[in-house]
Amino acid sequence: MALVTDAASERRPAAARVTDHGAWFLVLPALIPILVLSVGPLLYGLLLAFTDAQSGRTAATRWIGGLNFRDLLHDTLFWESFRIGLVWAVGVTVPQFLLALGLALLLDQELRLRRLARALAIVPWAMPEVVVGIIWRLVYNPDAGVLNETLRDLGLGDGRDWLSGLATALPAVIVVGVWAGMPQTTVALLAGLQNTPRELHEAAAVDGAGAWRRFRTVTWPALRPVALAITALNLIWNFNSFALVYVLTNGGPGGKTRLPMLFAYEEAFRYGQFGYAAAMGCVMVAVIAVLLAVFLAGRLRGGEDA
């Protein structure tokens, strides 16, 4: 009997190894594209940041160490674009979340034509950013745009060039970013709401809790993990925005909407400074990773305290 037990125990590690190999075999189809399309370019960009790589250059690319990063520390235009990027990311993410939360709470109710309303709510999500940018350029058109025509009809002025004004360009672009990004936040929050047990709401209502108290004590605690995840993702996505702002303003006027990604794009493909642009990308990844870690740590700590 002891011999049988020993033999079985010797076979278990081999079976476990087979299982592990099988798991890796199943993961490989998803892992290989990530390595090739994400990790590989990231490592290549990191390597490129320490070189003097330029477009159209006949001489061999040289290793220059941290010179690109040293120059970047004194590049006031880049840090100004970084500041604009942070304003853009927060300015889009916060109202995006608040509006999406209100819409998700509304769509979670037993409304007539609720399915149709949910389908219409995700229409902006289905549109490419380039198309969204073109549509909103028409809306903001200073001569025949819907916005200015409406203002004229209401007697609120003759309208203005929203995307070319130094004071209005960034707020106008932020409005478009909120409109375009709200659907995915709504879908995520709506999924979280539907996973909240209805029995908890019914019990709170029986105890005499009003709508606000039910939201604070039942809905929000269940929704907090989803809200944390989607807010963090939105901050990353919004900070790394490119196509929408590129189509709307191309970084103008006077660099007032030049996000960091636009700045790096111009350095690489307009001025041919590939090494310098790669250094910008590395700095952006590092700073956003630190800010995101601080944000998540604070939110998680707040959740534990609650």
Side-chain angles (χ1 to χ4, degrees), residues 34-93 129-130 133 163 166 169-171 173-174 176-177 180-181 231-296:
I34 294 176
L35 292 174
V36 173
L37 301 177
S38 297
V39 178
L42 180 63
L43 294 177
Y44 179 71
L46 182 62
L47 177 65
L48 204 64
F50 293 93
T51 69
D52 62 348
Q54 298 178 11
S55 65
R57 184 174 176 176
T58 57
T61 298
R62 296 182 299 112
W63 179 271
I64 59 173
L67 291 180
N68 285 328
F69 294 95
R70 186 195 65 184
D71 295 339
L72 199 58
L73 287 176
H74 304 286
D75 192 339
T76 57
L77 291 178
F78 171 73
W79 293 111
E80 176 63 16
S81 75
F82 205 95
R83 184 193 66 80
I84 293 172
L86 291 177
V87 172
W88 154 267
V90 175
V92 171
T93 301
E129 286 189 320
V130 174
L163 296 177
L166 295 176
L170 185 58
V173 173
I174 286 176
V176 182
T231 302
L233 290 174
N234 281 341
L235 280 172
I236 297 174
W237 288 333
N238 291 328
F239 185 81
N240 291 325
S241 294
F242 174 80
L244 187 63
V245 181
Y246 181 79
V247 173
L248 283 170
T249 63
N250 195 20
K256 292 297 183 180
T257 61
R258 184 186 290 130
L259 304 183
M261 288 297 294
L262 277 171
F263 195 96
Y265 170 82
E266 290 179 350
E267 286 293 325
F269 298 104
R270 178 175 295 181
Y271 305 115
Q273 302 295 327
F274 291 141
Y276 193 54
M280 291 181 185
C282 293
V283 171
M284 285 188 285
V285 170
V287 174
I288 288 302
V290 171
L291 293 177
L292 187 60
V294 172
F295 168 76
L296 291 176

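Heavy atoms only: backbone and side chains are in, while hydrogens, waters and symmetry mates are out. Sequence positions, counted from 1, serve as the residue numbers for this chain.
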For [X], side chain to side chain donor-acceptor pair (under 3.5 Å) partners two or more places apart:
{"X": "Asp75", "result": "Tyr276"}
{"X": "Arg70", "result": "none"}
{"X": "Asn68", "result": "none"}

Tell me every residue that passes side-chain contact (heavy atoms from CB on, under 4.5 Å) with [X], counting only those two or more places apart in sequence or in another chain.
{"X": "Tyr271", "answer": "Glu266, Glu267, Gln273"}
{"X": "Val90", "answer": "Val94"}
{"X": "Ala53", "answer": "Leu48, Thr51, Thr61, Phe274"}
{"X": "Ile84", "answer": "Glu80, Leu170, Leu259"}

Identify the heavy atoms of [X] and [Y] that sit nearest to each other, and give their distance.
{"X": "Ala268", "Y": "Ala277", "value": "CB-CB, 3.7 Å"}
{"X": "Leu47", "Y": "Trp63", "value": "CD1-CZ3, 3.5 Å"}
{"X": "Ala264", "Y": "Met280", "value": "CA-SD, 3.8 Å"}
{"X": "Trp88", "Y": "Ser241", "value": "NE1-OG, 3.5 Å"}

Side-chain donor/acceptor pairs under 3.5 Å, residues 242-253, sequence neighbours excluded:
residue: Thr249; atom: OG1; partner: Val245; partner atom: O; Å: 3.3
residue: Thr249; atom: OG1; partner: Gly251; partner atom: N; Å: 3.3
residue: Thr249; atom: OG1; partner: Thr257; partner atom: OG1; Å: 2.6

Could you check if a side-chain atom of Leu163 sits within less than 4.5 angstrom of a side-chain atom of Val173, using non-hydrogen atoms only?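 Of all side-chain heavy-atom pairs linking Val173 with Leu163, at least one is under 4.5 Å.
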* Asked: Trp237: what forms a ring pair (Phe, Tyr, Trp, His ring centres under 6.0 Å) with it, not counting sequence neighbours?
  ->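 Expected list: none.
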Ring pair (Phe, Tyr, Trp, His ring centres under 6.0 Å) filter on Phe239, not counting sequence neighbours, yields Phe82
In short, salt bridge (Lys or Arg N to Asp or Glu O under 4.0 Å) pairs touching residues 235-247 with sequence neighbours left out are none
Review point. Pairs in or reaching into residues 39-56: which pass salt bridge (Lys or Arg N to Asp or Glu O under 4.0 Å), with residues at least two apart or in two chains?
Key: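 Listed once each, the pairs are Asp52-Arg57, Asp52-Arg62.
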- Rounded distance (nearest 0.5 Å) linking atom CG of Asn238 with atom CG of Leu233: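 Nearest 0.5 Å value for the CG-CG distance: 10.5 Å.
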